[in-house]
There are 2 protein chains.
Amino acid sequence: MGNGFDAPAGAGYSPTTFENALDDFAPMNLKELASTLGLSPTTVSRALNGYPEVNEATRARVVAAARQHHYQPNTRAIRLATGRAMAIGHVITVSTKHEIVNPIFADFIAGAGETYLRRGYDMLLTVVTDADEPRAYRELKSRGTVDGIIVHTPKAKDPRIGLLHEIGLPFVVHGRATGAAEPYSWLDVNNRRAFQRATNFLIDLGHRRIALINGLEYMDFAIRRRSGYENAHQERGLVPDPALMRSDEMTETYGHRAALELLAQPDPPTAFLVSSMIPAIGVRRAIEERGLKLGRDVSVITFDDELSYLRNGEDLPIFTATRSSVREAGRQAAAMLIDLIEDPAKEPLTRMFEAELMVGMSTGPAPARG
Amino acid sequence: MGNGFDAPAGAGYSPTTFENALDDFAPMNLKELASTLGLSPTTVSRALNGYPEVNEATRARVVAAARQHHYQPNTRAIRLATGRAMAIGHVITVSTKHEIVNPIFADFIAGAGETYLRRGYDMLLTVVTDADEPRAYRELKSRGTVDGIIVHTPKAKDPRIGLLHEIGLPFVVHGRATGAAEPYSWLDVNNRRAFQRATNFLIDLGHRRIALINGLEYMDFAIRRRSGYENAHQERGLVPDPALMRSDEMTETYGHRAALELLAQPDPPTAFLVSSMIPAIGVRRAIEERGLKLGRDVSVITFDDELSYLRNGEDLPIFTATRSSVREAGRQAAAMLIDLIEDPAKEPLTRMFEAELMVGMSTGPAPARG
DNA sequence: AATCATTCCCAAACCGCTTTGGGTGCCCCA
DNA sequence: TGGGGCACCCAAAGCGGTTTGGGAATGATT
């Protein structure tokens with residue numbers, strides 16, 4: 001790869017090199033570009049933006065000059081003139097109680113960012129404590145900083161949905177919020193079905209005492225997963241034991257602590273259904289600390305969001321898992337939102353992903369009862 | 001909370017209720033606010049921005065009215081008028097080869113976001129493939145989208161530093177880039193010292209075959225960590241065995257694979273020095289798969305960035321670890337950058353964090369040689 | 001009483017684009 | 001030959017703030 005510094009000494013600058021060297025630093029604006037071309041700013045603007053009322057020959061000249069001078073229209077001016085922010089907001093809440101940053105966030109963002117890049121939008125991140133969230137949304141709207149918002153990790157009856165409707169800011173929810181009054185756009189995984197299938201799978205393997213290591217159960221996804229877990233039991237005429245259910249923020253140490261406690265019970269679970277790879281790792285640690293073997297003595301199924309830094313094994317999955325790519329969710333949620341923004345007349349959009357059940361090495365038949 | 005609609009019939013609207021009901025949704029602008037007050041936009045602007053040439057009584061009136069009408073100045077207009085973006089860019093690269101999103105990213109962002117919120121800046125994220133990175137920086141500058149940039153995960157001789165100097169965009173590097181020509185602002189952990197101390201700690205425990213599970217060694221931090229590891233050996237007259245060193249993207253499966261391979265060697269390591277919690281988890285998995293006991297048969301020290309979703313245990317650390325908060329790094333890097341932006345005359349700022357060595361349950365004396 | 005600062009406020013220019021509402025030249029057709 | 005219709009282009013008015021450069025009171029000074 002040439003870097004431009006290994007040219008033979010004495011070669012000097014070629015004219016174009018010289019020109020480039022100059023142009024590289026002239027932050028040229030529309031007016032200047034227009035006067036260079038002997039055209040009006042109007043025409044240059046139209047030529048560049050593909051309006052039909054400009055001669056194709058002229059357009060070609062303009063485009064060439066723009067490229068040559070590295071003309072880039074000033075974003076700030078475009079935004080003021082068009083009244084559009086060309087930006088999408090992501091509000092990430094850092095709860096005062098729970099200082100955790102959602103670990104799926106980075107991958108979701110990466111997916112969304114791909115879409116934004118392709119469609120010419122900027123991505124704006126706002127970090128707020130949960131108490132400040134409503135104010136943050138209102139400001140985003142009234143200051144005109146963004147054209148729309150992605151709502152992360154909705155809770156049941158999430159107040160943000162009503163709020164965003166009220167202030168009239170387009171939005172797409174990553175997840176759903178049971179009990180919202182009005183229709184709204186969302187994109188979600190079928191959490192209930194995923195956990196129902198996973199539970200059935202364990203029941204089929206003979207497990208009867210299945211622990212649920214869930215996320216915080218005011219989160220909508222956790223409620224649905226729990227309901228899937230309970231449904232599967234009911235269908236088989238089983239009654240899940242409340243003593244086998246845990247709910248907390250999904251950290252590694254939570255999974256570890258919960259599993260240790262559960263395994264220490266008189267009638268311990270033979271299987272665990274876990275809401276994320278991260279607590280699942282903690283569950284595995286607990287199982288191994290107890291001298292048990294994963295997949296033989298104890299089975300584990302986890303939800304796998306396909307986090308890029310936490311792949312579920314390479315060829316063979318480590319965990320049997322219900323799997324759905326959060327990055328793909330990011331890509332599509334962003335696209336939905338932009339569609340909504342660019343056509344305000346559109347009805348709310350919804351998209352449901354199905355999670356696939358990948359059978360890995362962490363599940364096996366229930367051990368014979370000791 | 002009265003909504004203005006439940007007043008008794010015939011009571012009519014009180015003036016204030018009426019006003020409020022209207023004002024709540026009128027996205028009022030400066031001109032309107034000014035005319036409401038019987039003042040000029042100039043005066044209102046000055047009053048709100050704390051200029052001295054406005055009567056304190058007038059200022060109070062203006063401030064009260066602004067609050068009452070929920071006036072929020074339009075960000076787009078401010079940006080155009082002042083020529084400042086009031087936004088900081090974070091460019092996150094998604095390598096074409098390595099599809100991984102840096103797992104420390106979310107926590108760093110959370111920290112930086114706190115600072116931005118406090119100081120009135122927006123955070124702009126751009127996701128690009130590594131090939132597009134230079135173009136992304138140039139555009140950010142020439143379109144005026146941001147006032148400065150945080151550079152993430154620098155490589156040795158990172159070309160971005162020269163580029164940013166060239167295009168004149170203020171920046172702070174999270175990490176350092178050995179071999180940069182000019183001085184620049186950075187904030188980093190003392191990676192070399194951290195790994196030197198960790199290695200010494202293991203040597204003191206009698207370990208002689210210490211494996212290094214490093215990140216990609218074109219990353220600056222990985223180079224420094226390796227050099228700390230090597231220095232410690234040299235100081236003690238030891239020669240580290242190249243067969244014990246691994247370098248790759250820091251995923252869980254990488255840690256697992258590397259550890260399995262190393263443990264299968266004829267003269268396997270008795271200790272592992274790992275570059276992040278995530279591969280360390282993989283290392284632990286490998287150790288347990290081999291039927292070995294962590295902290296007794298094999299020791300592990302890891303670098304712990306204090307990721308919020310991957311805490312190193314609760315009271316007692318799981319891993320012995322060199323620890324430094326990436327969230328705090330985010331907070332401070334953001335503050336440094338804003339200082340730089342607001343005072344362009346400032347010399348480059350640098351800040352070095354020391355990582356503390358936390359002794360946990362994953363290290364112990366080297367086992368007697370079999 | 002005339003002069004000079006101060007204090008407080010305003011009109012208008014400006015930031016860099018988009019967009020409205022023409023205007024000019026040319027060709028075509030009756 | 002004159003009017004209508006295109007095809008191209010431009011001047012000027014926004015967008016919603018900030019900022020420059022006064023100007024009118026008021027009070028202090030000589």
Side-chain angles (χ1 to χ4, degrees), chain A residues 26-63 65-66 69-87 120 122 139-147, chain B residues 26-63 65-66 69-87 120 122 139 141-147 342:
Chain A
M28 183 167 257
N29 63 23
L30 185 67
K31 209 196 294 179
E32 290 161 12
L33 181 62
S35 80
T36 320
L37 281 160
L39 288 170
S40 76
T42 308
T43 303
V44 175
S45 169
R46 287 190 163 144
L48 258 19
N49 292 318
Y51 281 70
E53 55 268 70
V54 37
N55 190 315
E56 278 311 321
T58 311
R59 188 194 306 282
R61 265 178 69 216
V62 171
V63 168
H69 296 95
H70 296 114
Y71 168 69
Q72 303 269 104
N74 183 302
T75 315
R76 296 190 288 258
I78 293 183
R79 286 179 174 160
L80 181 57
T82 61
R84 301 190 42 197
M86 293 309 287
D122 282 335
E139 277 203 27
L140 251 19
K141 166 69 179 187
S142 57
R143 310 185 78 117
T145 326
V146 301
D147 296 318
Chain B
M28 181 167 259
N29 63 23
L30 185 66
K31 210 194 294 179
E32 290 161 11
L33 181 61
S35 80
T36 319
L37 281 160
L39 288 170
S40 76
T42 310
T43 303
V44 176
S45 170
R46 287 188 164 145
L48 257 19
N49 292 318
Y51 282 70
E53 55 269 68
V54 38
N55 191 314
E56 279 309 322
T58 311
R59 188 195 307 281
R61 263 179 68 217
V62 171
V63 168
H69 295 95
H70 297 115
Y71 169 69
Q72 302 270 107
N74 183 303
T75 315
R76 296 189 290 259
I78 293 182
R79 286 179 174 159
L80 181 57
T82 61
R84 300 190 42 197
M86 293 309 287
D122 282 335
E139 278 204 27
K141 168 69 180 186
S142 57
R143 310 185 80 117
T145 326
V146 301
D147 296 318
E342 296 185 345

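Below, chain A is the first sequence line, B the second, and so on; all start at residue 1.
For B:A47 against B:V54, the heavy-atom pair with the smallest separation is CA-CG1, 3.9 Å. In plain terms, the two heavy atoms of A:P41 and A:A34 that are nearest each other are N-CB, 3.6 Å. Here the shortest heavy-atom pairing between B:A65 and B:L37 reads CB-CD2, 3.8 Å. Nearest approach of B:R59 to B:P52, heavy atoms of both residues: NH2-CA, 4.2 Å.
Between the NE2 atom of A:H69 and the P atom of C:dG16 there is a distance of 17 Å, given to the nearest Å. The distance from atom CZ of A:R79 to atom P of D:dG16 is 16 Å, rounded to the nearest whole Å. Rounding to whole angstrom units, NZ of residue A:K31 and C1' of C:dT18 are separated by 15 Å. Distance, A:Q72 CD to C:dC17 C1': 14 Å, rounded to whole Å. Rounding to whole angstrom units, CZ of residue B:R84 and P of C:dC15 are separated by 18 Å. Atom CG in A:D147 sits roughly 18 Å away from atom P in D:dC15 (whole-Å rounding). To the nearest angstrom, P of D:dG14 lies 17 Å from CG of B:L80. Counting to the nearest Å, the P atom of C:dC17 and the CZ atom of B:R143 are 10 Å from each other.
Proximity of A:N55 to the phosphate of D:dC8: a side-chain N or O atom is located under 4.0 Å from OP1 or OP2. Distances shown here put a side-chain N or O of B:Y71 below 4.0 Å from the OP1 or OP2 atom of D:dG17. Within the structure, a side-chain polar atom (N or O) of B:T58 is placed less than 4.0 Å from OP1 or OP2 of C:dC9.
In this structure, the separation between CG on A:L33 and OG on A:S45 is 11.0 Å, given to the nearest 0.5 Å. With rounding to the nearest 0.5 angstrom, the OG1 atom of B:T43 is 11.5 Å from the CG atom of B:L48.
Under 4.0 Å is where a charged nitrogen must lie from a carboxylate oxygen, and between B:D122 and B:R79 at least one such pair does.
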| note | Expected string for nucleotides 19-28 of chain D under the B/S/- scheme (protein heavy atoms, under 4.0 Å, primed atoms plus P, OP1, OP2 as sugar-phosphate) is BBB-------
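If you check every strand for non-hydrogen atoms under 4.0 Å, B:I78 touches sugar and phosphate atoms only. Residue contacts shown for B:L30 include a base, since a base heavy atom lies under 4.0 Å away.
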